[in-house]
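Data first, discussion second: the structure below is written as structure tokens.
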Amino acid sequence: MTDESTHLFDLELKLLLEAVYLRYHYDFRGYAISSLRRRVRHAMTRFDCARVSDLQHRIIHEPTFFAEAIQYFTVQVSEMFRDPDYFRALREEVVPVLTTYPSIKIWVAGCSSGEEVWSLAILLAEEGLLERSVIYATDINPDALVKAEQGTYRVERMAQFSRNYVAAGGRGSLSDYYTSAYGNAVFNRRLTRQVVFADHSLATDSVFSEVHLVSCRNVLIYFNRELQDRAVGLFSDALIRKGFLGLGSKESLQFGAHASMFDTFVPAQRIYQRKAS
Amino acid sequence: MSGHDLPAALDAIVIGASAGGVQALRVLLASLPVGFAPAVFVVQHIPRDRPSLLVELFGHVCALPVVEAEDKQPIQGGRIVFAPPDYHLLIEDRTAVALSLDEVVRYSRPSIDVLFESAAAAFDANLLAILLTGANEDGAEGVAAVRRAGGKAWVQCPSEAESPTMPESALALGGADAILRLDAMCQRLQGRPQ
């Protein structure tokens, strides 16, 4: 016996993704189905839709509704200096190599609400590299990009962010970089003078610049294998020879098509280096 | 071995445990013999902010290989896969797992419900879910989802469980195909023709 309702749900989900793509050119068709199912169920509960096709109907006919619903398709969970050992490895292993370049370009792919972008900017500032760096911070979610650019986070989150910052080898105090106002911590905008926030899709767009470091953490987990291969292909094309790719702590290149293009650089922190040839 | 509480063709087993789970899993997982065919996936609730020692711990007591899940890791029969701390473990399809940072479910990441529901969608009737001891209600929805999809579910006998809340919640919500003590679970799994 198989569960008919699961199969109908999956069928309607496929139709929904196709509809979203045709109507709005957002391409979620290569997203991992197992977590999409959960998120679409949440959206159905939230918007009181009995079936996926009811959700689809509203999405197709109401662009403002889609703007709300898209928040359910993308996951926004991040912390500043999340996985401190990763940032420590960037500081101790990758920065000494980046220092040898006259100018440095970094791509934070899938930057969401920007916590990692601000973390990187702080790290580069402390290592004396920020002035000659450009950071491209890209995401498909316009609301997330606005938040990322604002660099304003709830003050309750600062205790965790500060612990991470210290564990990541921060040279001062995280509070050196923000001012508190009305329950928010507002980060110093000087940090992001060198940051370009831009709309970019790993599913449909192409490479836009040559870069020395790609940091793309806990984004690929939401993609199926084919879309992962597309994204890593873009990173491989964007990176200079010997450039670096940092992934999330449970992500790896080993199950993908481009593993042979990279060497492991800091294996425990999932930092890879583009091969020279 | 009676067949009514085991799938006719068993491809995967998903196991959920919380408080008291490490002891229970020690009994259950150590009993699985070399040559055991189904793939085994385990969510044991663990602290989210530090590395897990489960793989090391169970690697020493299990005959089967034990690994921590990585994103898109291929599924292999006869291997025990643990959910990593602070990620949900999902079954993407019959060939690979997936991880996610979707919101915490019932205070837990990894969540038993998330694993069980995704496994139910991927494995349909070829799935066995086992819910063990725990002091919360995670797993109840998951057990119900597995049974709706045609898979089977065993729940640890609440009187034996160190914390009976989790088994009791699952039984109250969606029932089970069998309510068993750990030694009975081990016997049934070992009795399966290889």
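Chain letters run A, B, ... following the sequence lines, proteins first and then strands; every chain starts at 1. A quick note: this is a predicted structure, and the numbers were derived from the prediction, not measured.
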*Report the residues that fulfil ring-ring contact (aromatic ring centres under 6.0 Å, His included) with Phe235(A), sequence neighbours left out, ordered by chain and then residue number.*
Trp107(A)

*Quick one: are His7(A) and Asp124(B) in side-chain contact, heavy atoms under 4.5 Å?*
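Side-chain contact under 4.5 Å: yes.
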
*Measure the shortest side-chain to side-chain distance between Asp93(B) and Ile33(A) over non-hydrogen atoms and say whether it is less than 4.5 angstrom.*
no

Is it the backbone or the side chain of [X] that comes under 4.5 Å from a heavy atom of chain A, or both, or neither?
| X | value |
| --- | --- |
| Val97(B) | neither |
| Val105(B) | side chain |
| Ala122(B) | neither |

*Arg46(A): what forms a salt bridge (Lys or Arg N to Asp or Glu O under 4.0 Å) with it, not counting sequence neighbours?*
Glu68(A)

*For residues Leu101(B) and Tyr222(A), report the shortest heavy-atom separation together with the two atoms involved.*
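Distance-wise, the nearest heavy atoms are N-OH, 2.6 Å.
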
*Taking all non-hydrogen atoms of both residues into account, name the closest pair between Ala96(B) and Arg225(A) and its distance.*
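Reported closest heavy-atom pair: CB-NH1, 4.0 Å.
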
Near [X] [atom1], under 6.0 Å, is it more than 12 heavy atoms from other residues, nucleotides or ligands?
| X | atom1 | result |
| --- | --- | --- |
| Glu56(B) | CD | no |
| Arg29(A) | CZ | yes |
| Asp49(B) | CG | yes |
| Arg94(B) | CZ | yes |

At a heavy-atom separation under 4.5 Å, does [X] approach chain B through its side chain, its backbone, both, or neither?
| X | answer |
| --- | --- |
| Phe9(A) | neither |
| Arg41(A) | neither |
| Ser78(A) | neither |

_What residues of residues 70-79 of chain B make heavy-atom contacts with chain A at a cutoff under 4.5 angstrom?_
Glu70(B), Asp71(B), Lys72(B), Gln73(B), Pro74(B)

*First locate atom CZ of Arg37(A), then atom CD of Glu117(B), and finally report the distance between them rounded to the nearest 0.5 Å.*
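Interatomic distance, Arg37(A) CZ to Glu117(B) CD, rounded to 0.5 Å: 10.5 Å.
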
*Give, for atom OG of Ser5(A) and atom CZ of Arg148(B), the distance between the pair rounded to the nearest 0.5 Å.*
7.0 Å

*Between Glu251(A), Arg82(A), His42(A), which has the largest tally of heavy atom pairs under 4.5 Å with chain B?*
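Of the candidates given, the most pairs with chain B belong to Arg82(A).
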
*side chain to side chain donor-acceptor pair (under 3.5 Å) involving Glu68(B) - partner list, sequence neighbours excluded*: Lys250(A)

